[in-house]
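Structure first, then comments.
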Amino acid sequence: MTRMYHEMPVEAYTSQDWFDREQKLIFSRSWRYAGLVEDVPEPGHFISVQAGLNNIFIVMGRDHRLRAFHNICRHRGTQLIRAVGKTQKALTCPYHDWTYDLEGNLISVPDEATEYPDGIDKKCLGLKPAAVDIWRGMLFVHPHPTPPSLGEWFGAVDADLGPHKPEELVEYPEARQSYEIKANWKIVVENYIDVYHLSHLHSNTLHMYDHARAEFGWKGPHYHFWEPPAQDYGKDLEANLPTPRVIPEPHVGAWVPMLFPGLGLGASEDSWNIFVITPLGPNLTRIENRTKLANTSSWDFTKQGWSSWNFWKGFGGGKYQGDDVTGEDDPMASGDFTAEDIYACEQQQKSLESPYLEIGPAAVGESPIVNHQKAILEFMKSQDE
């Protein structure tokens, strides 16, 4: 008998075979977040990203045009460049020093006359192109050089993601972090889109918003979510915002969508955040967080901090306290919603290995989990035909 987790077998969250199929059919055949537009600001600058089975880099050419290539030297397949950086006028493979220009053309082969006495056609050995595009101030790549457009991919859900203009905001470097969760990437996504848990797991950490009035749904494989401020927070919202506004009044609330496959956005009245999910193995996932805030003076931030101090000074606290705390590093006593989420995800992953696991019925607030599973199955089927 196959043990099921709603629409999917439990092995979809535990087996290497499922993980490999997802890498091939989902992450290698869809648009993948690569970075922010400011990460590649000038000719010669580049970044790379893993898109399923493909390592792809974006480089700005001498003509200020962005191009994407598979990070594979055409000689023996060595990874051509490292994760991020800048070069002068060319990209050189560290193995045998084959060199390409910023437009992907092979321009130099060391010892060409002696190593290739019969000649070599460099025109046929340029880098393999991928696709690159920009959406909401973010860079995306697709392993195929001519995929359906990025506008088509996100078009249906775009209007549900809030009035933010990330390209007009500035990154807050102190908030950038990367960490690993010992759980399958789908567990991490499903925790992110689980509306039911917001009022419970995060009862003391996210109650500035009214979870009972959340509005959520699906546009294609993409999940959208919005909820208004809670009464205590919203009655003097302009004073209570911890940092200056980034969207015009009268817009209020938190927009927290999950874009397929595995890109979460967290946007509110005063910030815009990204939550990038990268599967590393059947039970291991890497998360990258980046935050953008208002492009205004430090004095404006200081004044807003003073204004909101009264609200935030008594806000929050751990879900468990006192005798319920298991130790000084108990995530349930941390008062940190990220620590709470990591704990919940990792505990679920452990339980998936138990032969006694039986998944209970999905609540209304957990319906996004079931829909996400359906989206995965449908996308994989469409790519496997």
Side-chain angles (χ1 to χ4, degrees), residues 1-15 17-19 21-23 25-27 29-30 153-154 156-157 160-161 181 183-202 206 209-227 254-266 275 277 279 282-283 285 287 337 340-385:
M1 177 178 178
T2 301
R3 293 186 302 141
M4 298 295 292
Y5 182 4
H6 303 308
E7 298 292 319
M8 305 185 83
V10 168
E11 68 176 2
Y13 296 77
T14 60
S15 81
D17 178 65
W18 263 92
F19 178 83
R21 288 182 62 225
E22 289 170 346
Q23 289 295 297
L25 299 178
I26 298 177
F27 291 92
R29 300 186 185 181
S30 57
W153 179 240
F154 288 129
V157 76
D160 298 295
L161 305 183
I181 300 177
N184 186 272
W185 73 277
K186 297 184 293 298
I187 291 289
V188 178
V189 169
E190 290 163 6
N191 173 78
Y192 196 92
I193 63 179
D194 179 350
V195 182
Y196 189 24
H197 89 293
L198 294 174
S199 299
H200 302 285
L201 181 64
H202 304 310
L206 292 180
Y209 289 100
D210 190 346
H211 311 311
R213 295 170 59 199
E215 300 174 4
F216 53 93
W218 292 82
K219 296 291 177 63
H222 307 297
Y223 169 76
H224 58 87
F225 172 99
W226 173 86
E227 60 183 354
W255 291 261
V256 192
M258 175 57 68
L259 307 177
F260 191 84
L263 174 64
L265 304 181
F275 184 85
I277 296 173
N283 59 357
T285 303
I287 305 299
F337 74 87
E340 294 169 344
D341 280 332
I342 293 173
Y343 175 81
C345 289
E346 293 186 344
Q347 294 303 311
Q348 287 180 69
Q349 187 68 35
K350 290 178 181 178
S351 294
L352 289 174
E353 302 288 354
S354 171
Y356 292 94
L357 174 74
E358 290 187 20
I359 298 295
V364 171
E366 294 173 306
S367 61
I369 295 174
V370 179
N371 286 327
H372 182 250
Q373 294 175 348
K374 291 178 179 178
I376 289 173
L377 293 172
E378 290 172 4
F379 190 87
M380 293 177 71
K381 182 180 179 181
S382 72
Q383 298 299 312
D384 207 18
E385 292 177 345

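Just so you know, these numbers come straight off a predicted model, no measurement behind them. Reckoned from all heavy atoms, side chains included, excluding hydrogens, waters and symmetry mates.
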Verify, without hydrogens or angle tests, whether Q373 (side chain) and E7 (backbone) share a donor-acceptor contact under 3.5 angstrom. yes
Does K186 use its side chain to pair, donor to acceptor, with the backbone of A12 at less than 3.5 Å? yes
Nearest-0.5 Å distance, CZ of residue F19 to OH of residue Y13: 14.5 Å
Ring centers of H222, W153 separated by less than 6.0 Å: yes
Closest heavy-atom pair and its distance - Y223, I193: CD2-CG2, 3.3 Å
Is it the case that the side chain of Q349 and the backbone of N184 share a donor-acceptor pair, with hydrogens and angles ignored and the cut-off at 3.5 Å? yes
Tell me every residue that passes ring pair (Phe, Tyr, Trp, His ring centres under 6.0 Å) with Y192, counting only those two or more places apart in sequence or in another chain. F275
Main-chain N/O of D194 paired with H197 side-chain donor or acceptor, under 3.5 Å: yes
Identify the two heavy atoms, one from V189 and one from G262, that lie closest to each other, and give their separation to 0.1 Å. CG2-CA, 4.3 Å
Check: A183 main-chain N/O paired with T285 side-chain donor or acceptor under 3.5 Å: yes
Would you name the heavy atoms of E227 and Y209 that are closest together and state the gap between them? OE2-CB, 3.4 Å
CE/M258 to CG/N191 distance, rounded to the nearest 0.5 angstrom? 9.0 Å
Which atom pairs, donor and acceptor, lie under 3.5 Å between side-chain atoms of residues 352-367 and protein residues at least two apart or in another chain?
residue, atom, partner, partner atom, Å
S354, OG, Y356, N, 3.1
E366, OE1, A363, N, 2.8
S367, OG, V364, O, 2.8

